[in-house]
Amino acid sequence: MEVDKRESNKKGNKPLFFFMMIFLIVMTVALLTYLFFKSRESTEVHEEPSYRANYHFTAPDKWKNDPQRPIYFDGKYHYYYLYNGDYPNGNGTEWRLATSEDLVNWNDEGIAILKYTNENGDPWSGSVVVDEHNTAEFGEGALVAIVTQPSMDGGKQEQFLWYSNDNGETFTSYSDDPIMPNPGIEDFRDPKIIWDDRSHKWVMVMAEGTKIGFYESHNLKDWHYLSSFVTEDIGLVECPDLYLMRANNGSLKWVLGISANGKSVGKPNTYAYWTGFFDGKEFFQDHDEPRWLDYGFDWYAGVTFEDGDEREKYNKRYAFAWMNNWDYVHNTPTLQEGFNGMDSIVREMTLKHEVDDHYHLASQPIKALNELTNLTDTYEQIEVNGSKTLDVTGDEYHLELDISWSELQNVGLRLRESADKERHVDVGIFVEGPYSYVNRAFIDQPDDSNQYVESKAPFDTSKQQVQLKILVDKTSIEVFVDDGQFTHSNLIFPRADDQGITLFTEGGTAIFKNIKIHHFE
């Protein structure tokens, strides 16, 4: 019987075809698996070295610097800040908006005041208010911003008015001409506006070189000079502030604040303030020497504002600042990720009476930060003579503890410590100083000159005890000493794996108690 060769060849090809199909399927699955894990690997490598802060406000991209005082309406805080979308290859700032209900979680709302919209220069710092009584006649509840711009008249620093009728999402220029022309001085900027209930008028404070000018208006357009407050030994002043607070003894005190540079007299380069009395025209300080709201190297252009939900608005106040320093402003690893700019946490301020007519502002971390906690490690008491490394690590947390001692020279903590103990940032009390400190000399940090490595603040060591609250994020450390009269805010750039926590003493024994480490999501 003759066999059909064509049929025989067809039957013989089936096993080969089947084998080739299986081979192709296996190779395809292997290739997809390889690409999947390779993709995960590359993603992890990208995310691992990120220096974007976990719970601090950061620029979405490019650049941010001075914050503008937030305002509260429609159940949200509206926060404007100076933003440069052309950084690092172009100049000019504009006002970008973010909103928040809790001052911790923020939503980006885009640009509100565009730069270079006319022949005047870019918008700098200023302040925005809700014109509830329609004093400027832009409509009841309109938002009015008065902003410094270098004008078309030779780049003079002059004040321009912008207004918004869409809840602050965008602003319109009122005029190409300034509402406050330059009076013939080089520095004339950063207007801050408040409503004075006593005289039913707007009051403005203005940074004018080494003095602060006071002005009044009934319509936000026409301003009249009132008086000046002259400063000494704290350099050029910027970002002035004026507000009323009730102290813990019930008295009402006015507070005049400015961003200033006290380096020449051994003082900080942060936020100086005086308590005193403002009679509607002139400010009378309680004492000539200012106090300082922060002793760190990175708390500048600070702003303060009221609690939007608080009925009694004078009992407490919020504050935060730009975390950077003009001496090393562009030296940050975040540039490799396409952004440069971060703010401190929002802190809650109260006014504390000491003796006679002495008062100080006390700061504490805002309570809303507690909502970020997903795990807390606690230690009731640890006695240390030398050093003790905890069995807990972390890179983003809020640490609080009490320390007491009888005789020693130095006591504190080494945080974001490397496994070999070589890299760390130190927080503590130098008893022989006497002062509290944050020392970033042993960790990567932005100051290549090494002039700004240890921030110091006065401390009464006769108490032989201290309470510390310490906030650590990927690129920052903020320390609140005792009631928060003294604080330190500093940038640090620890490596991702440096997460150790060590307690230490020098020259004696200390008791570390009530240690709580709240790890943040």
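Heavy atoms only: backbone and side chains are in, while hydrogens, waters and symmetry mates are out. Index from 1, following the sequence.
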If the plane angle is over 60° it's perpendicular, under 30° parallel, otherwise tilted; pick one for Trp274 and Phe229. perpendicular

Near-ring test Tyr80/Trp95, centroid separation under 6.0 angstrom: yes

Salt-bridge criterion met for Lys281 and Asp196 (N-O under 4.0 Å): no

I'd like to know whether the aromatic ring centres of Phe305 and Tyr79 sit less than 6.0 Å apart in this structure. no

Considering only heavy atoms from C-beta outward, does the side chain of Asp122 approach that of Pro150 to under 4.5 Å? yes

Taking only residues two or more places apart in sequence or in another chain, which ones pass side chain to side chain donor-acceptor pair (under 3.5 Å) with His330? Tyr87

Would you say the side chain of Asn167 lies within less than 4.5 Å of the side chain of Phe73, judging by non-hydrogen atoms? yes

For His518 and Tyr397, run ring-ring contact (aromatic ring centres under 6.0 Å, His included): C-alpha distance rounded to whole Å, both residues' side-chain angles, the deciding distance at 0.1 Å, then the answer. CA-CA 5 Å; His518 307 285; Tyr397 53 81; 9.9 Å; no

Test the Lys253-Phe278 pair against the cation-pi criterion, namely NZ or CZ under 6.0 angstrom from the six-membered ring centroid and within 45° of the ring axis. no

Please, which pairs that meet salt bridge (charged side-chain N to carboxylate O under 4.0 Å, His left out) have at least one residue in residues 56-70, sequence neighbours excluded? Lys64-Asp343

Give the ring-plane orientation class for Tyr271 versus Tyr273, where under 30° counts as parallel, over 60° as perpendicular and anything between as tilted. tilted

Work out which heavy atom in Trp299 is nearest to a heavy atom in Ser344; give both atom names and the distance. NE1-OG, 3.1 Å

Spacing of CG belonging to Leu293 relative to OG1 belonging to Thr304, to within rounding of 0.5 Å: 9.0 Å

Are the side chains of Glu478 and Asp473 in touch, meaning some heavy atoms are under 4.5 Å apart? no

Using side-chain heavy atoms (C-beta onward) and a distance below 4.5 Å, is Thr334 in contact with Met342? no

Identified ring pair (Phe, Tyr, Trp, His ring centres under 6.0 Å) counterpart of Phe57 within the set Tyr81, Phe339, Trp322, Phe320: Tyr81

Could you check whether any side-chain heavy atom of Ile179 comes within less than 4.5 Å of a side-chain heavy atom of Ile146, counting everything from C-beta outward? yes

Asn261 side chain near Leu236 side chain, heavy-atom distance below 4.5 Å: no

I'd like to know if Arg495 pairs up with Asp497 as an ion pair, taking the criterion as any Lys NZ or Arg NE/NH1/NH2 lying under 4.0 Å from an Asp or Glu carboxylate oxygen. no

Is it the case that the ring center of Tyr174 lies less than 6.0 angstrom away from the ring center of Phe138? yes

Determine, for Glu400 against Lys516, whether the closest basic-nitrogen to carboxylate-oxygen distance falls under 4.0 angstrom. no

Side chain to side chain, Ile194 and Tyr243, heavy atoms closer than 4.5 Å: no

Are there more than 12 heavy atoms of other residues, nucleotides or ligands under 6.0 Å from atom NZ of Lys267? no

